[in-house]
Asker: 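Shown below is the structure under consideration.
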Amino acid sequence: MINITTLAKKVGGKIEGNSELNIHGIGDLKNSPENFLSFLSDKRYYDDFKNSKSIAVIVDEDFSDSKFNKTLIKVKNPVYAYIQLLEIFNKKNNNKVGIHETAIVSQSAKIGKNVYIGPYTVIEENVVIEDFTYISTSCHIMKNVSIGKKTKISSNVSIYNETYVGNEVIIESGTVIGSHGFGLTFHNGENHIIPHIGKVIIENKVWIGSNCSIDRGTINDTIIGQGTKMDNLIQIAHNVKIGKHCVIAGHSAIAGSTIIGNYVTIAGKVGIIGHLTIEDNCTVASMSQVTKSLKKNSFVSGIPARNHKSNLKLTAQINKLDSLFKNLKK
């Protein structure tokens, strides 16, 4: 139970209503009990707001409807404020410290303060793990890997040798980082595997979903930029460089040596061929296949990907073909 004034100060919000309320938890508009705090960020959910049992709601600072006898916390970004307060009410007990008796840790590994290493995890030679990092069950951290502070690695993650992982990174279960890239050359009637001696560099505050694969570079490094968030089941090929604060949705794949700029959004099931440059602030709609480099602020869709408005117009024209053919036959 926390006083609403304390919560408002936490998110830099302004209270409109009863500043003496005590909040017992945080939830959504539809299901929260009366003494819980909820949030409204989209006008489409206004009916849920009207019917909600929640006595207190986080809203946009321009929100002006006060006829439903609710106490409001007004902020610039209700969703971000909700996230901040959710962390207060939903603190998980991941503050375990120590090395489980079944873990195998090389004597040459350097383990920082307040680190947790879970059951059956293997830490190989010359690994560096910095303070407050949490590594769960059955992970394999290979030689010469460096992992920063306050990073959380879930179960069954494999990190290959020479990989660098920054601070406050989240890596979900089943992900593989630093495996051999899909580099081949054809000679004398057979495909030969090209050795990959580059690294993978994961910068600070990156989130990598479950069952992702990030290949090491051939000679240069594969890089995931600061703050980038990746969904589940994503393939990042060798030598790919992804900039800062990109968002990549599930089932997308980026082929080798492609460069992705900053603040790029890649929706689900997108394919991007190799050796392209996708400049800053581009958006690629779901199910698109990108075959050419994109300039800044491009919004593309389709197969092959083209300007989104042009693609919508082309799709509309294609949908008319059937009736055009019928008219032509007549």
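All values below come from the heavy atoms of this structure, side chains included, with hydrogens, waters and symmetry mates left out.
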Asker: Is there a side-chain contact between Ile202 and Ile214, using heavy atoms and a 4.5 Å cut-off?
Answerer: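 Yes. Closest side-chain heavy atoms under 4.5 Å.
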
Asker: In Å, rounded to the nearest 0.5 Å, how long is the span from CD of Glu124 to CD1 of Ile104?
Answerer: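 These two atoms lie 10.0 Å from each other.
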
Asker: Using a 3.5 Å distance criterion without hydrogens, assess whether the side chain of Ser54 forms a donor-acceptor pair with backbone atoms of Leu29.
Answerer: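 Not confirmed, Ser54 side chain does not pair with Leu29 backbone.
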
Asker: With a 4.5 Å limit on heavy-atom distance, are the side chains of Lys313 and Lys309 in contact?
Answerer: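 They are not in contact (no side-chain heavy atoms under 4.5 Å apart), so the answer is no.
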
Asker: Where is the tightest heavy-atom contact between Ala103 and Ile117, given as atom of each residue plus distance?
Answerer: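 Minimum heavy-atom separation between Ala103 and Ile117: CB-CG2, 3.9 Å.
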
Asker: Show the nearest heavy-atom pair for residues Pro78 and Ser41, with the distance to one decimal.
Answerer: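 The answer is CB-CB, 4.2 Å.
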
Asker: Would you say Met287 and Ile303 make side-chain contact, with heavy atoms under 4.5 Å?
Answerer: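 Sidechains of Ile303 and Met287: no contact.
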
Asker: If I take atom OG from residue Ser310 and atom CG from residue Leu314, how far apart are they, to the nearest 0.5 angstrom?
Answerer: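 Between atom OG of Ser310 and atom CG of Leu314 there are 8.5 Å.
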
Asker: Are the side chain of Thr151 and the backbone of Gly166 linked by a donor-acceptor contact shorter than 3.5 Å?
Answerer: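 Flag set: sc Thr151 to bb Gly166 pair under 3.5 Å.
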
Asker: Is it the case that atom NZ in Lys74 sees more than 12 heavy atoms from other parts of the structure closer than 6.0 Å?
Answerer: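 Atom NZ in Lys74 is packed in, count exceeds 12.
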
Asker: According to the interplanar angle, ranging from 0 to 90°, do the rings of His245 and Tyr263 count as parallel (below 30°), tilted (30 to 60°) or perpendicular (above 60°)?
Answerer: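 The rings of His245 and Tyr263 lie parallel, inter-plane angle below 30°.
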
Asker: Is any side-chain heavy atom of Ile193 less than 4.5 Å from a side-chain heavy atom of Leu184?
Answerer: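 Yes, side chains in contact.
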
Asker: Could you see if Val79 belongs to whatever hydrophobic cluster contains Ile88? Use Ile, Leu, Val, Met, Phe, Trp, Tyr and a side-chain cutoff under 4.5 Å.
Answerer: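 Result: yes, single cluster for both.
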
Asker: Would you find more than 12 non-hydrogen atoms of other residues, nucleotides or ligands less than 6.0 Å from Lys241 atom NZ?
Answerer: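 Yes - once you tally the heavy atoms of other residues, nucleotides and ligands closer than 6.0 Å, there are more than 12.
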
Asker: Below 4.5 Å, heavy atoms only, C-beta onward: do Ile208 and Ile177 meet side chain to side chain?
Answerer: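 A side-chain contact under 4.5 Å exists here.
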
Asker: So, are Asp28 and Lys30 salt-bridged, with charged N and O less than 4.0 Å apart?
Answerer: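 No.
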
Asker: For the residue pair Ile123 and Ile141, what are the closest heavy atoms and their distance?
Answerer: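 Shortest heavy-atom separation between Ile123 and Ile141 comes out as CD1-CG1, 3.5 Å.
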
Asker: Using modelled atom types only, decide if a donor and an acceptor are shared between the side chain of Ser301 and the backbone of Ser288 within a distance under 3.5 Å.
Answerer: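 It does not hold such a pair.
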
Asker: More than 12 heavy atoms of other residues, nucleotides or ligands under 6.0 Å from NZ of Lys50: yes or no?
Answerer: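 Check passes, neighbour count above 12.
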
Asker: If we count only N and O atoms by modelled type, under 3.5 Å, do the side chains of Thr185 and His192 hold a donor and an acceptor together?
Answerer: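 Not at all, the side chains of Thr185 and His192 share no donor-acceptor pair under 3.5 Å.
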
Asker: Do Ser155 and Ser138 have side-chain atoms, one donor and one acceptor, less than 3.5 Å apart?
Answerer: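 No donor-acceptor contact under 3.5 Å links the two side chains.
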
Asker: Quick check: do Ser52 and Lys70 have side-chain heavy atoms less than 4.5 Å from each other?
Answerer: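 Heavy-atom side-chain distance check passes, below 4.5 Å.
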
Asker: Check whether more than 12 heavy atoms from other residues, nucleotides or ligands sit under 6.0 Å from atom CZ of Phe182, and answer yes or no.
Answerer: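 Counting other residues, nucleotides and ligands, CZ of Phe182 stays at 12 neighbours or fewer.
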
Asker: Which pair of non-hydrogen atoms, one from Ile254 and one from Ile266, has the smallest distance, and what is that distance?
Answerer: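 Smallest interatomic distance, heavy atoms only, reads CD1-CD1, 4.1 Å.
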
Asker: Between the main-chain N or O of Glu125 and the side-chain N or O of Ser108, is there a donor-acceptor pair closer than 3.5 Å?
Answerer: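 No: the side chain of Ser108 does not pair with the backbone of Glu125.
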
Asker: Treating Asn126 as the side-chain partner and Lys143 as the backbone partner, does any N or O pair qualify as donor plus acceptor under 3.5 Å?
Answerer: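 Not confirmed, Asn126 side chain does not pair with Lys143 backbone.
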
Asker: So does Asn156 get a backbone contact from the side chain of Thr137, meaning a donor-acceptor N/O pair under 3.5 Å?
Answerer: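 Checking the backbone N and O of Asn156 against the side chain of Thr137, no donor-acceptor pair under 3.5 Å is found.
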
Asker: Could you grab the distance from atom NZ of Lys10 to atom CD1 of Ile2, nearest 0.5 Å is fine?
Answerer: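 Atom-to-atom, Lys10:NZ and Ile2:CD1 are 10.0 Å apart.
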
Asker: Is Tyr120 atom OH crowded by more than 12 heavy atoms from other residues, nucleotides or ligands, each under 6.0 Å away?
Answerer: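 Open.
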
Asker: Would you please say whether a donor-acceptor pair under 3.5 Å links the side chains of Asn239 and Thr218?
Answerer: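 A pair is found: one side chain offers a donor N or O, the other an acceptor, under 3.5 Å apart.
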
Asker: Could you go step by step and tell me if Leu328 and Leu324 meet the side chain to side chain contact (heavy atoms under 4.5 Å, CB included) rule?
Answerer: CA-CA 6 Å; Leu328 186 62; Leu324 288 172; over 6 Å; no

Asker: For residues Ile259 and Ile273: do they belong to one hydrophobic cluster (side chain heavy atoms under 4.5 Å, members Ile, Leu, Val, Met, Phe, Trp, Tyr)?
Answerer: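 Unlinked, Ile259 and Ile273 end up in two clusters.
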
Asker: If you compare all heavy atoms of Ser154 against all heavy atoms of Val157, which two are closest, and at what distance to 0.1 Å?
Answerer: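 In this case the closest contact between Ser154 and Val157 is O-CG2, 3.3 Å.
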
Asker: Measure the NZ-CG distance between Lys76 and Asp60 for me, rounded to the nearest 0.5 Å.
Answerer: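 One gets 11.0 Å once the value is rounded to the nearest 0.5 Å.
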
Asker: Quick one: does Ser32's side chain have a donor or acceptor within less than 3.5 Å of a partner on Ile26's backbone?
Answerer: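 Between the backbone of Ile26 and the side chain of Ser32 there is no qualifying donor-acceptor contact (under 3.5 Å).
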
Asker: State the CD1-CG distance between Ile55 and Leu37, to the nearest 0.5 angstrom.
Answerer: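 Ile55 atom CD1 to Leu37 atom CG measures 11.0 Å (nearest 0.5 Å).
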
Asker: Do Ile234 and Val176 belong together in a cluster built from hydrophobic side chains that touch within less than 4.5 Å?
Answerer: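 No, Ile234 does not connect to Val176 through the hydrophobic network.
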
Asker: Salt bridge check: are Lys14 and Glu61 linked by an N-O gap of less than 4.0 Å?
Answerer: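 Salt bridge between Lys14 and Glu61, a charged N being under 4.0 Å from a carboxylate O: no.
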
Asker: Any sub-3.5 Å donor-acceptor pair from Ser293's side-chain atoms to Thr277's backbone N or O?
Answerer: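 Present.
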
Asker: Is atom CZ of Phe325 surrounded by more than 12 heavy atoms (other residues, nucleotides or ligands) closer than 6.0 Å?
Answerer: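 Open: at most 12 neighbouring heavy atoms sit under 6.0 Å from CZ of Phe325.
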
Asker: Hey, could you give me each pair passing side-chain hydrogen bond (donor to acceptor under 3.5 Å, both in side chains) that has a residue in residues 221-232? Not counting sequence neighbours.
Answerer: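 Counting only pairs at least two positions apart or across chains, the side-chain hydrogen bond (donor to acceptor under 3.5 Å, both in side chains) contacts touching residues 221-232 are Ser210-Asn232.
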
Asker: For the pair Tyr116 and Val97, evaluate side chain to side chain contact (heavy atoms under 4.5 Å, CB included) and give the outcome as yes or no after the intermediate values.
Answerer: CA-CA 5 Å; Tyr116 177 73; Val97 173; 5.7 Å; no

Asker: Please evaluate residues Asp215 and Gln235 with respect to the criterion side chain to side chain contact (heavy atoms under 4.5 Å, CB included), reporting the C-alpha separation (whole Å), side-chain torsions for both, the decisive distance (0.1 Å), and the verdict.
Answerer: CA-CA 8 Å; Asp215 295 340; Gln235 161 69 24; 3.1 Å; yes

Asker: Please find the pair of heavy atoms, one from Glu279 and one from Lys296, that lie closest to each other, and give the distance.
Answerer: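 Closest pair (atom of Glu279, atom of Lys296, distance): OE1-N, 3.1 Å.
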
Asker: Do Ile147 and Ile153 have side-chain heavy atoms sitting under 4.5 Å apart?
Answerer: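 Contact flag for Ile147/Ile153 side chains = yes.
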
Asker: When hydrophobic residues are tied together by side-chain contacts of less than 4.5 Å, even through go-betweens, does Ile242 share a cluster with Val247?
Answerer: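 Hydrophobic grouping puts Ile242 apart from Val247.
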
Asker: Given side chains that start at C-beta, do those of Phe132 and Lys149 come closer than 4.5 Å, heavy atoms only?
Answerer: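 A side-chain contact under 4.5 Å is absent here.
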
Asker: Give a yes or no on whether the backbone of Asn167 and the side-chain of Asn204 come within a donor-acceptor separation of less than 3.5 Å.
Answerer: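 Yes; at least one donor-acceptor contact below 3.5 Å.
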
Asker: Ignoring hydrogens and geometry, is there a side-chain-to-backbone donor-acceptor pair from Thr291 to Ala305 under 3.5 Å?
Answerer: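 Not at all, since once roles are kept as given, no pair shorter than 3.5 Å links the two residues.
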
Asker: What about Phe89 and Phe36, are their ring centers closer than 6.0 Å?
Answerer: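 Not under 6.0 Å, so no.
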
Asker: Do Tyr164 and Ile223 sit in the same hydrophobic cluster, where Ile, Leu, Val, Met, Phe, Trp and Tyr count as joined when their side-chain heavy atoms come under 4.5 Å apart?
Answerer: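 Yes, Tyr164 connects to Ile223 through the hydrophobic network.
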
Asker: How many angstroms lie between CD in Glu87 and CG in Leu85, if you round to the nearest 0.5 Å?
Answerer: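 Between atom CD of Glu87 and atom CG of Leu85 there are 9.0 Å.
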
Asker: On the 0 to 90° scale, with breaks at 30° and 60°, tag the Phe39-Tyr82 ring pair as parallel, tilted or perpendicular.
Answerer: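 Geometry flag for Tyr82 against Phe39: tilted rings.
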
Asker: Would you sort out whether Ser257 and His275 count as a side chain to side chain contact (heavy atoms under 4.5 Å, CB included), showing the intermediate values?
Answerer: CA-CA 5 Å; Ser257 299; His275 302 273; 3.5 Å; yes

